[in-house]
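Step one of this worksheet: look at the structure below.
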2 protein chains.
Amino acid sequence: MVTIKDVARVAGVSTATVSRVVHDGGQVGDACRARVKKVITELGYRPNSNARALVSKSSETIGVVTPKLSMTFFGCLAAGAETTARAKNFKLLMSNSLYETQSELDAIYSLREHSCDAIVLHSEYSDEETLIKLAKDIPGLVIINRFIPQLANRCVWLDNEAGARKITEYLLSHGHKDIAVVTSIYANNDPATRLNGVTKALAEAGLELAKHNIESATANMRGGEDAVKALLEKGCKFTALIAYNDLMAVGAMNALQDAGIDVPGEVSVVGFDNLYVSKACRPNLTTMEYPIEEMASYAANLAIELSQGGNQTATKTHLFVPSLVERQSVALARST
Amino acid sequence: MVTIKDVARVAGVSTATVSRVVHDGGQVGDACRARVKKVITELGYRPNSNARALVSKSSETIGVVTPKLSMTFFGCLAAGAETTARAKNFKLLMSNSLYETQSELDAIYSLREHSCDAIVLHSEYSDEETLIKLAKDIPGLVIINRFIPQLANRCVWLDNEAGARKITEYLLSHGHKDIAVVTSIYANNDPATRLNGVTKALAEAGLELAKHNIESATANMRGGEDAVKALLEKGCKFTALIAYNDLMAVGAMNALQDAGIDVPGEVSVVGFDNLYVSKACRPNLTTMEYPIEEMASYAANLAIELSQGGNQTATKTHLFVPSLVERQSVALARST
DNA sequence: TTGAAAGCGCTAACAC
DNA sequence: GTGTTAGCGCTTTCAA
């Protein structure tokens, strides 16, 4: 490994001068700078970032903590953060939290040990108090996909209720009145919030969402299938179905089709997230776009700014609003 | 930030002793060790890994370089590496190469600056020579999804030809004789290798793969659609279609169905990779499993071992073989 | 068993 | 404009 000393020796200058050249400080004579630069390329010198981080207490590293990288949603999140990291010349440290409070915290501490002071955290299990305490310690900590009032300016989140409301209104505008909902038993607030949006939109249209029209299951394809089967077995009648997310929606469509029910001919189906699958399934799924990649990129930027002492406007919030993506899984309700 | 000095001071010992306790070295008296441990927890001391890496020249960090994290395939790759990292208590440094030679190299050098000596690289554009030179410099460099003879013991790869062969034979065993192929213009060797497998399997059955039964396009859903349209327009007749990967297969199925052709009733379709989409599409896709997560986890292990001077058996290769996943997109060929 | 001290590669005063 | 120097937090001889 070639160090700054090697460069200094070969170029016949002090390490301080080399350091200045590396950092493009203006305080170096032209001839000297040229010589040093030449030596740097000749020797292939690259500053050791551990040493740099050690002395400067900042590592130009951004950490991302998500539950599970293999899920498309989190892959996109990571990709968004990576875009920012690349643009700012930061390194990206990834950690899976595996949906556990303790590993969430472990991951964060491990990041800290690396002098990684910009952190984007997707937390589901830690309670608000823990997070608030953590945020106090770590100026560059940003929470993604969750809103904590006391941390308003550190949360990058999505208006789930507005999204659910919007897609419900869309269904309403297509003449649907008998609407079933497949929600999830997912740990965070999202299911409740989205359900809330649906209920409100329905209420405003003078409709009530009957309890027995709601079925809940795990937030994946299988869950969607199971929920629809349960709905069908109960003898539930509906012309449209709102699923918690795309995965459940796809499962639901499959179950519907397996039961000989045409989608969207007899039943319209909508999802949430706009994952890749929504373009792969038949019919293509109408859904709400969850701009997670963009949000993550934004969050990473915010985390970096905060870690550098910028963007201290405590009152500013970072709320994203999902948008409707019309595809083929919704049709006009058949007049009854 | 609480440092080793703080702990030493509070515990009334030297930093060397604290270091020994942290490392579980046996050379510390019981009473002393207990006291130090107590102080460590009380103060919440965590060793700074930059300092540690600086002095020990090893950072317990594994780097992963892939083209694009937002693609499911690479997300799974990252997840596999993460599993190993977690198990070995390593950190995971991610870098996107964006499909470019230069950024591939940049990413690797940047990893090196971090004293990250175990690296898993998914390289597509760099030539073998560059890679061989790199591998010489970096003992812990492992190449994934590519085979370079001179680096046999450092490559973790998949037998694409065997996979293609296997799935072709599967189609053959279902009575298909008129087979079309949708291949891709992807940059690496995989398309050619898979095509090769198909051709060979067909040849062994006394069948020839006619040029005009092959169509090539970009390796995504859209490409699959386009290719099928082209095939259909040419008036190509086939009862089975082999797609380069799952994404193209799904696109192909959609195009087929849009053209009023029943899948698998009239045309059977198979893919490659076994991505999540293959369970989302209708009919569910029969495909070859590409165990990328497992492979990445394996590769990460190998990289760590190599970086620590182990596993020097230069003759050992690391070849994975894909397995058939039967779903619903293949039917018996209709007797003609 | 424990401590003192040197030094990893780099940056940032401070001096000249 | 350039060099000297003192650390950053930690590990690791070498002595005691």
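In what follows, chains are A, B, ... by sequence order, proteins preceding strands, each numbered from 1. Note that the structure is predicted; figures quoted are calculated from it, not measured.
Atom OG of residue A:Ser126 and atom CD of residue A:Gln102 lie 8.5 Å apart, to the nearest 0.5 angstrom.
Applying the ring pair (Phe, Tyr, Trp, His ring centres under 6.0 Å) test to A:Phe320 and every residue at least two apart in sequence or in another chain returns A:Tyr298.
A ring-centre distance under 6.0 Å is not found for B:Tyr276 and A:Tyr276.
Both key distances under 3.5 Å define a Watson-Crick or G-U pair, and stretches of 3 or more such consecutive pairs in DNA chain C run C:1-16 with D:1-16.
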Base-contact (B) and sugar-phosphate-only (S) positions in nucleotides 6-13 of chain D, heavy-atom cut-off under 4.0 Å, - elsewhere: -BBBSBBB
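Taking atom CG of residue B:Asp30 and atom P of nucleotide C:dT1, one finds them 9 Å apart after rounding to whole Å. Put simply, CZ on A:Arg35 is 15 Å from P on D:dG1, counting in whole angstrom units.
Under the 4.5 Å side-chain criterion, counting only non-hydrogen atoms from C-beta, B:His122 is not in contact with B:Val120.
Using a 3.5 Å distance cut-off with no hydrogens or angles, the side chains of A:Thr84 and A:Ser297 do pair a donor with an acceptor.
Checked options B:Leu141, B:Leu121, B:Ile119; the residue passing with B:Leu111 is B:Ile119 (criterion: side chain to side chain contact (heavy atoms under 4.5 Å, CB included)). A side chain to side chain contact (heavy atoms under 4.5 Å, CB included) with B:His114 is found for one member of A:Thr61, A:Leu93, A:Asn48 and no other, namely A:Thr61.
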Evaluate side-chain hydrogen bond (donor to acceptor under 3.5 Å, both in side chains) for A:Thr130 paired with A:Asp127, printing each intermediate quantity in order. CA-CA 6 Å; A:Thr130 310; A:Asp127 53 56; 2.6 Å; yes
